[in-house]
Amino acid sequence: MDKITAAKEKFEALLQAQLQRVERLKAETGVTDYPSLEKIIIGVVGGDGIGPAITAQARRVLAVLLRGVIESGRVILRDIEGLTIEKRAALGKAIPDDVLTELKACHVILKGPTTTPEAGSPWPNVESANVAMRKELDLFANVRPVRVPEQGIDWIFFRENTEGAYAVGNAGFEVDEDLAIDFTVTTTRGTERIARAAFEHAKANGKTRVTAVTKANVIKTTDGKFLRICRKIAEEYPGITFDEWYIDIMTAKLVDEKRRKQFQVFVLPNLYGDILTDEAAEFQGGVGTAGSANIGARYAMFEAIHGSGPRMVKEGRTHYADPSSMMRAVAMLLNHIGYAEEGDKLTKAMDACAREKKIAVTGREDGATSEEFAAYVLEKMDAYSSSSRKSAR
Ligand code: IPM
Ligand code: MG
């Protein structure tokens with residue numbers, strides 16, 4: 001077969017898969033209403049690398065916060081094993097089938113980082129488990145807050161999570177030895193729902209500005225469509241100012257101390273969201289401090305924004321990994337499933353620990369271990385509970 005025919009066949013398969021996906025999106029119904037569920041099953045997946053260690057500490061805090069409802073049986077913490085790079089590599093699958101079945105039997109998931117094989121690594125080229133899970137469970141909104149109150153930073157990013165450069169990130173191909181092609185995808189439904197999520201969040205939280213970030217001046221078709229749809233959705237929210245930026249100048253403006261305070265809610269395609277949220281998290285103390293919510297209509301998954309820290313594992317520093325990102329993920333999870341008070345309590349305790357710095361995690365032996373840090377957060381939570389009990393008396 002000549003190479004153009006071979007490439008056409010691959011492209012055709014890709015188009016078919018995407019068109020089928022669009023039909024599924026159009027047929028989508030039903031949103032999980034967590035507070036009305038009789039039972040909520042929280043799946044806990046450790047992942048690999050530093051994942052299991054930091055997830056265990058986050059789970060510990062979660063179990064304390066939900067003690068009562070776990071005892072009454074309303075909430076179930078279910079540990080799910082097997083989302084490891086070894087097993088994924090052996091099976092050649094981003095998510096082993098049995099793990100996926102178990103995940104789908106939960107209502108919400110707390111997930112530790114998983115190793116993403118990269119070009120040149122010893123692992124086979126399986127798709128990232130994060131990316132696969134976002135697609136499989138249709139977790140279209142990647143919501144990432146970044147706050148640095150003393151610098152006036154209070155941002156929340158709505159990163160589109162299932163399309164853009166990631167939609168077919170594993171389906172690009174080499175046409176011949178001199179030409180490689182990748183694809184990026186924007187759909188009407190996919191963009192409408194992320195834009196609406198950003199505006200709804202703004203409306204519900206008294207935010208006055210939503211900022212779209214694209215590169216529509218160059219990536220004219222897909223980013224152009226994304227931006228056009230954001231503009232259209234913006235018209236439904238007359239009380240909210242909508243503005244448009246390109247990703248290059250936005251990365252610069254985030255370091256502009258005067259300008260950056262003005263931004264509130266961001267909406268952006270997948271890849272730009274990936275990049276900009278790492279930059280944003282750096283102001284808050286690094287990716288180790290940032291949690292990430294992956295929200296769909298039916299499921300939701302909460303995780304750290306960073307990877308599995310292979311360097312830390314190799315250097316024997318796993319137990320010094322910062323569990324803050326996973327604890328922030330727990331706070332977001334609690335808010336999402338209707339335990340906002342418990343979520344706030346954790347957030348306040350973590351903010352207090354970050355301010356007071358009685359102990360701090362550095363990732364190395366000059367800092368606290370993950371376990372010590374979790375104990376510190378638990379102690380702070382306890383102190384808050386007893387002071388609120390006192391003032392209630
Ligand atoms: C993130 C991560 C993932 C991504 C990686 C691990 C595949 O960087 O959640 O931001 O690129 O989305
Ligand atoms: Mg990232």
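Everything numeric here is computed off the predicted structure, so don't read it as measured data. In listed order, ligands and their atoms are each counted from 1. Numbering of residues begins at 1 and proceeds along the displayed sequence.
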Q. Under a 4.0 Å heavy-atom limit, does Thr277 contact ligand 1 with its side chain, its backbone, both, or neither?
A. neither

Q. Are any side-chain N or O atoms of Thr184 and backbone N or O atoms of Ala165, one a donor and one an acceptor, separated by less than 3.5 Å?
A. yes

(Q) Tell me the protein heavy atom at minimum distance from atom 5 (C) of ligand 1, and give that distance in Å. (A) Thr116 OG1, 4.3 Å

**Q.** Proximal candidate to atom 9 (O) of ligand 1 [heavy atom criterion; set Arg134, Glu127, Arg159, Glu303]
**A.** Arg134

Q. When you measure from atom 3 (C) of ligand 1 to every protein heavy atom, which one gives the shortest distance, and what is it?
A. Asn130 ND2, 4.1 Å

Q. Which N/O/S atom belongs to Asp274 and is the closest one to the Mg ion (ligand 2)?
A. OD1

Q: Identify, for atom 7 (C) of ligand 1, the protein heavy atom at the shortest distance, and state residue, atom and that distance.
A: Ser128 OG, 3.5 Å

Q | NZ/NE/NH1/NH2 to OD/OE distance under 4.0 Å, Arg88 and Asp48 | A | yes

Q) Are any of the side-chain nitrogens in Arg193 or Asp138 under 4.0 Å away from the carboxylate oxygens of its partner? A) yes

(Q) Regarding Asp278, does it place an N, O or S atom less than 2.8 Å from the Mg ion (ligand 2)? (A) no

Q: Identify, for atom 1 (C) of ligand 1, the protein heavy atom at the shortest distance, and state residue, atom and that distance.
A: Arg144 NH2, 3.3 Å

(Q) Under 4.0 Å between a side-chain nitrogen and a carboxylate oxygen: does that hold for Asp154 and Lys207? (A) yes

Q: Please work out whether the ring planes of Trp155 and Phe283 are parallel, tilted or perpendicular, with thresholds of 30° and 60°.
A: perpendicular

Q. Can you tell me which residue and heavy atom of the protein come closest to atom 4 (C) of ligand 1, and the distance to 0.1 Å?
A. Tyr166 OH, 3.5 Å

Q | N/O separation below 3.5 Å, Asp274 to ligand 1 | A | yes

**Q.** Check ion pair Lys104-Glu136 (N to O, under 4.0 angstrom)
**A.** yes

Q. Do the charged groups of Lys87 and Asp98 touch, with an N to O distance under 4.0 Å?
A. yes

